[in-house]
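Step one of this worksheet: look at the structure below.
Because only heavy atoms are used, hydrogens play no part in the values below, and waters and symmetry mates are left out as well, while side chains stay in. Throughout, a chain's letter reflects where its sequence line sits, starting with A, and its residues are numbered from 1.
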Amino acid sequence: MSLLIHNREYSTEITAADHGKRVSIAGWVHEKRHLGGVFFLIVRDFSGFAQVTLHKGEVEKGLFERVKKVPRESVVAIEGKVKRERKAPNGYEIIPERMEVLNEASQILPLDITGKVGAELDTRLDARFMDLRTERTKHIFIIRSRVLKVIRDFLDGQGFIETNTPKIVSAATEGGTALFPISYFEREAFLNQSPQLYKQMLMASGFDRVYEIAPIFRAEEHDTTKHLNEATSVDIEVAFVSAKEVMAILEELIACVYSEIERYPGLSKLNLNLEVPKIPFRRITYDEAIALLSETGEEIEWGEDLSTSAEHTLGELIGELYFITDWPCAIKPFYAQPIDVEVEGKREDICNAFDLMHPKLELASGSQRVHSYELLKRNIESKGLNPDSFEFYLDAFKYGMPPHAGWGLGVERLLMSMLEIDNIREVVLFPRDRRRLAP
RNA sequence: GCCCGGGUGGUGUAGCGGCCUAUCAUUGAGCCCUGUCGAGGCUCGGACUCGGGUUCAAAUCCCGACCUGGGCGCCA
């Protein structure tokens, strides 16, 4: 057996115009339809499907029997002649001369991937390798790849450099979330909750514009359709700008991602109507948000974070992507810059922070950062944290730290909201949640 | 962490004290069928999460464990 799979062609590369040509295809046995005298074998590859047709009596008997026997989802290579055929799905079919079974699939599959019988997400995740063979799931991850590429292209085009910061960190955390402890030789360490501190330190490097696309780890025991314990975050940090500029970068980036994905042909497999959002996005202040909520009877005390139902109410009211700005300092991290009361004429204890909201959930949050060593140290203390454990971070603010601003965007949340997918686990190949550690 | 649901062949389901030797679809095996594209027809195979309890009788009711769906909290 030595079929030449090195020159195999994809099913969609072959057309009726290749009539008479000898070709090799390789892929998975998607379906078999036996009509007695004629047998159809549907082979699936990355690009699509090819119909292999065997007429009893016209094809060698041994081959007919072997094709008939090969279990579904086995990996096969087939060599044969292309025949123009109006009755075949792609306008052509392959009349096989040889078939090599590269790997025979065990029978009784963990999932039906032809779409005849559905499966629950949990079942699909248990057999994710097989779930990825379905059209819908396949395209979700091709789209994910495209989204990441667009983000990189966009940021690269704006003069950013891509960076990689450590995921194993010492105890210091910006607070707010629980960390996963790990054993680091003789010491305890943690998995990084976000690249926040490191990307800020890079602002003292002179790079001016940095971004990172990397996993973040949260040890929260939340068990919802929009949380993961390992997620992917796009983080940017920009020197010599304020929150306003990085908000503009964010909305342009989101619009750019939407318009790129809108053009993706595989989108049709997801059955949705994707509308590119118009920029600039609407901006409302925290004060306006709670006033709006109050009108609908949902009272939020000033200084409290928005509840899930408050987010949903606001989302229904506004109906499109929007920013909430001017948050109370108390519910934002220590690195968010308080507004300048003299200049901006607003009340005290508000900071220059913003959240990017989709009507259904929060997508990103960012702020103008504190760049004064003294203020940053005071803020850390006022949050009840110990500045000593932030020494490595604070040091960067002692020797020339420019004003800067940045944000972090959840890749999975962007994907799920854009693709109207209800469960965040669907957009991660192998999700990590409260219960799932394998596969 | 709190509050509600649910665990039945490989997959998706019906049944919710005796009619269950458990329904249907799909899958698998076999047979018929020369143009299927969710092919069709016939035959066969395959399941009540686990452990206690109640009852003459438990898939069905109760308790616990494990798994799981949703909402909320926390959080991005």
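If you check distances only, the side chain of A:Glu31 never reaches the base of B:U36 with a donor-acceptor pair under 3.5 Å.
If you check B:C19 for Watson-Crick or wobble pairing at under 3.5 angstrom, you find it has no partner at all. B:C44 is paired with B:G28 under the Watson-Crick or G-U wobble criterion, all donor-acceptor distances under 3.5 Å. Look at B:C61: its Watson-Crick or wobble partner, with both distances under 3.5 angstrom, is B:G53. Pair assignment for B:C37 gives none, since no Watson-Crick or G-U wobble pairing has each distance under 3.5 Å.
Taking atom C1' on both nucleotides, B:U60 is separated from B:A47 by 16 Å, rounded to a whole Å. Atom name C1', nucleotides B:U8 and B:C16: the rounded distance is 12 Å, in whole Å. Comparing the C1' positions of B:U21 and B:G46 gives a spacing of 15 Å, expressed to the nearest Å. Look at the C1' atom in both B:G17 and B:A22: the space between them is 15 Å, to the nearest Å. Across B:A14 and B:G28, the matching P atoms stand 24 Å from one another, rounded to whole Å. Rounded to a whole angstrom, the distance from the C1' atom of B:G9 to that of B:G51 is 23 Å. Between the P atoms of B:G30 and B:G70, the separation comes to 40 Å (whole Å). Comparing B:G45 with B:U23, their P atoms sit 12 Å apart, to the nearest whole Å.
Position along RNA chain B of the nearest nucleotide to A:Arg436 versus A:Ile216 favours A:Arg436 as the more 5'-ward residue. The residue among A:Gln107 and A:Leu111 whose nearest nucleotide of RNA chain B is located toward the 5' end is A:Leu111.
Remark: A:Lys149 NZ is loosely packed, at most 12 non-hydrogen atoms of other residues, nucleotides or ligands lying under 6.0 Å away.
Using a 4.0 Å heavy-atom criterion, one finds that A:Gly118 contacts the sugar-phosphate atoms exclusively. Across all strands shown, A:Ala119 has heavy atoms under 4.0 Å from sugar-phosphate atoms exclusively, and none from any base. Among the protein residues, A:Ser307 comes within range of the sugar-phosphate backbone only, with heavy atoms under 4.0 Å from sugar or phosphate atoms but none that close to a base. Residue contacts for A:Leu228: at a heavy-atom cut-off of 4.0 Å it reaches a base atom on one of the strands shown.
Contact check for A:Leu125 versus A:Pro431: side-chain heavy atoms found under the 4.5 Å cut-off. Counting heavy atoms from C-beta on, the side chains of A:Val210 and A:Met203 come closer than 4.5 Å.
Rounding to whole angstrom units, CD of residue A:Glu120 and P of B:U11 are separated by 10 Å. If you measure from atom NZ of A:Lys68 to atom C1' of B:G28, you get 15 Å, rounded to the nearest angstrom. The interatomic distance linking A:Asn90 (CG) with B:U36 (P) rounds to 16 Å, in whole Å.
Of all heavy-atom pairs spanning A:Leu41 and A:Lys32, the tightest one is CD1-CG, 3.8 Å.
Under the 6.0 Å cut-off for aromatic ring centres, A:Phe354 and A:Phe281 do not qualify, their centroids lying 6.0 Å or more apart. Residues A:Phe190 and A:Phe217 place their aromatic rings such that the two centres sit no closer than 6.0 Å.
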Show each protein N/O and nucleotides 1-9 of chain B N/O combination with a separation under 3.5 Å, one pair to a line.
from : atom 1 : to       : atom 2 : distance (Å)
B:G1 : OP2    : A:Glu221 : OE1    : 2.8

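When atom types are taken as modelled, the side chain of A:Glu412 and the backbone of A:Thr232 share a donor-acceptor pair closer than 3.5 angstrom.
A perpendicular orientation is assigned to the rings of A:Phe39 and A:Phe64, their planes being inclined by more than 60° (bins at 30° and 60°).
Put simply, A:Arg72 has a side-chain N or O that comes within less than 4.0 Å of OP1 or OP2 on B:G28.
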